[in-house]
2 protein chains.
Amino acid sequence: MESIIENNRTQMRRGVLEYSILLILASSDEYASSIIQKLKNVNIIVAEGTVYPLLIRLKKLGLLTYRWEESPQGPPRKYYKITETGKQQLKGLDAAWDELSEGISSIRKGLK
Amino acid sequence: MESIIENNRTQMRRGVLEYSILLILASSDEYASSIIQKLKNVNIIVAEGTVYPLLIRLKKLGLLTYRWEESPQGPPRKYYKITETGKQQLKGLDAAWDELSEGISSIRKGLK
DNA sequence: ATCAAATACCTTGCAACACAAGGTATTTGA
DNA sequence: TCAAATACCTTGTGTTGCAAGGTATTTGAT
């Protein structure tokens with residue numbers, strides 16, 4: 001018994017995940033668990049099993065690099081950093097998001 | 001050779017498709033080709049093979065009904081209409097969209 | 001010294017779903 | 001009679017988020 005809403009919420013999130021991660025990394029270098037926490041803070045809740053493969057993919061595409069750093073406690077952390085290529089691509093994603101927002105906005109106004 | 005941007009544009013669109021269609025039908029009854037055209041008008045470009053199965057699915061879920069109507073030319077048209085249940089679910093999707101927009105907005109502001 | 005808890009990392013298998021491509025049916029008009 | 005336009009729909013493929021499960025490191029309590 002799954003609701004249409006919950007299902008679509010997932011779908012919507014799915015569409016902006018890479019974008020969100022690049023946005024976060026454009027601001028500062030972060031490790032996976034920290035990224036997940038930041039996303040959770042803005043109600044974009046996402047599973048570990050989603051983020052790790054995604055970071056690996058973005059790294060393969062040359063949009064990210066990473067370095068290891070000691071942690072205050074626990075195992076070392078893999079800090080990801082956005083590359084120049086990544087920054088350029090991010091601009092394109094910004095545009096894509098804006099376009100989509102405007103599209104939805106237009107349809108919404110068409111009502112009433 | 002696929003760009004990250006084009007790929008993500010598709011992903012983003014994907015997430016809001018059901019939402020967009022319900023929004024359009026909340027305004028007026030429409031047939032599939034017309035819905036596709038309206039989406040195209042706001043740069044949410046989508047293929048036929050995407051929309052038809054989706055309408056069928058939404059109908060099965062009880063969010064839409066349809067009736068046949070003669071066309072000025074060509075074959076008859078299947079006009080879809082949103083149900084009361086559909087309208088209720090749409091409210092939930094409105095909320096989901098707003099939440100996502102705010103989430104992205106927050107992350108974006110975190111920059112600079 | 002040992003073991004539990006916390007923190008991080010990562011992989012596998014499944015299910016959902018958009019899209020490209022291809023197909024059928026109806027009407028009009030040349 | 002046949003091409004063009006309009007409309008409907010189905011099938012096969014590839015991508016991908018997620019649940020579940022697994023490994024490794026450190027700290028601190030017993």
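Chain letters run A, B, ... following the sequence lines, proteins first, then strands; residues in each count from 1.
Rounded to whole Å, the distance from CD on B/Gln37 to P on D/dT6 is 11 Å. Rounding to whole angstrom units, CD of residue A/Glu18 and P of D/dG17 are separated by 7 Å. Following rounding to the nearest Å, B/Arg13 (CZ) and D/dT15 (P) show an atom-to-atom distance of 16 Å. To the nearest angstrom, P of D/dC8 lies 12 Å from CD of B/Glu69. Going from atom CG of B/Asn7 over to atom P of C/dA20 covers 13 Å, rounded to whole Å. Atom CG in B/Asn8 sits roughly 14 Å away from atom P in D/dT15 (whole-Å rounding). In this structure, A/Arg67 atom CZ and C/dC9 atom C1' are separated by 17 Å, rounded to whole Å. In this structure, CD1 of B/Ile45 is placed 16 Å from P of C/dA18, rounded to the nearest angstrom.
Here the side chains of B/Asn41 and B/Gln37 are in contact, with some heavy-atom distance below 4.5 Å. Using a 4.5 Å heavy-atom cutoff, the side chains of B/Leu39 and A/Ile107 are in contact.
The two residues B/Val42 and A/Ser106 have their closest heavy-atom pair at CG1-CB, 3.7 Å. Of all heavy-atom pairs spanning A/Ser71 and A/Arg77, the tightest one is OG-NE, 3.6 Å. Among all heavy-atom pairs drawn from A/Leu25 and A/Ile82, the shortest one is O-CG2, 3.7 Å. Summarising the geometry of A/Ala26 relative to A/Leu90, their closest heavy-atom pair is CB-CD2, 3.6 Å, with the distance given to 0.1 Å.
In this structure, A/Ile44 is a member of the same hydrophobic cluster as A/Ile5, with clusters built from ILVMFWY side-chain heavy atoms closer than 4.5 Å.
Counting only Watson-Crick and G-U wobble pairs whose two key distances fall under 3.5 Å, DNA chain C forms stems of three or more stacked pairs at C:1-30 with D:1-30.
At a cut-off of 3.5 Å, with distance as the only test, no side-chain donor of B/Gln11 or B/Asn7 sits close to an acceptor on the other residue.
Judged purely by atom type and a 3.5 angstrom limit, B/Ser27 has no side-chain atom pairing as donor or acceptor with the backbone of B/Leu23.
Contact check of residues 92-100 of chain B against DNA chain C (heavy atom, cut-off under 4.0 Å) returns no residues at all.
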Produce a footprint string for nucleotides 19-30 of chain D: one letter per nucleotide, 5' end first; B if the base is under 4.0 Å from any protein heavy atom, S if only the sugar-phosphate is, - if neither. B----BBSS---

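Qualifying side-chain contact (heavy atoms from CB on, under 4.5 Å) partners for B/Glu99, counting only residues two or more places apart in sequence or in other chains: A/Arg9, A/Asn43. Shown here are the side-chain contact (heavy atoms from CB on, under 4.5 Å) partners of B/Asp29, two or more places apart in sequence or in another chain: B/Arg67, B/Tyr79, B/Lys81. For the side-chain contact (heavy atoms from CB on, under 4.5 Å) test, residues two or more places apart in sequence or in another chain that qualify with A/Tyr66 are A/Lys59, A/Trp68, A/Lys78, A/Tyr80.
Residue B/Gln11 places its side chain closer to D/dG17 than to any other of C/dC17, D/dG17, D/dC9. Of the candidate nucleotides C/dA18, D/dA7, D/dT16, C/dA18 has the atom lying nearest to any side-chain atom of B/Leu54.
Checking the phosphate oxygens (OP1, OP2) of C/dT11, no side-chain nitrogen or oxygen of A/Tyr52 falls inside 4.0 Å. Distances shorter than 4.0 Å separate none of the side-chain N or O atoms of A/Thr10 from OP1 or OP2 on D/dC18. Neither OP1 nor OP2 of C/dA18 sits under 4.0 Å from any side-chain N or O of B/Arg14.
Toward the 5′ end of DNA chain C lies the nearest nucleotide of A/Ile56, the other residue of the pair B/Pro53 and A/Ile56 mapping further downstream. Between B/Val46 and A/Arg77, the residue anchored closer to the 5' end of DNA chain C is A/Arg77, taking for each the nucleotide with the nearest heavy atom.
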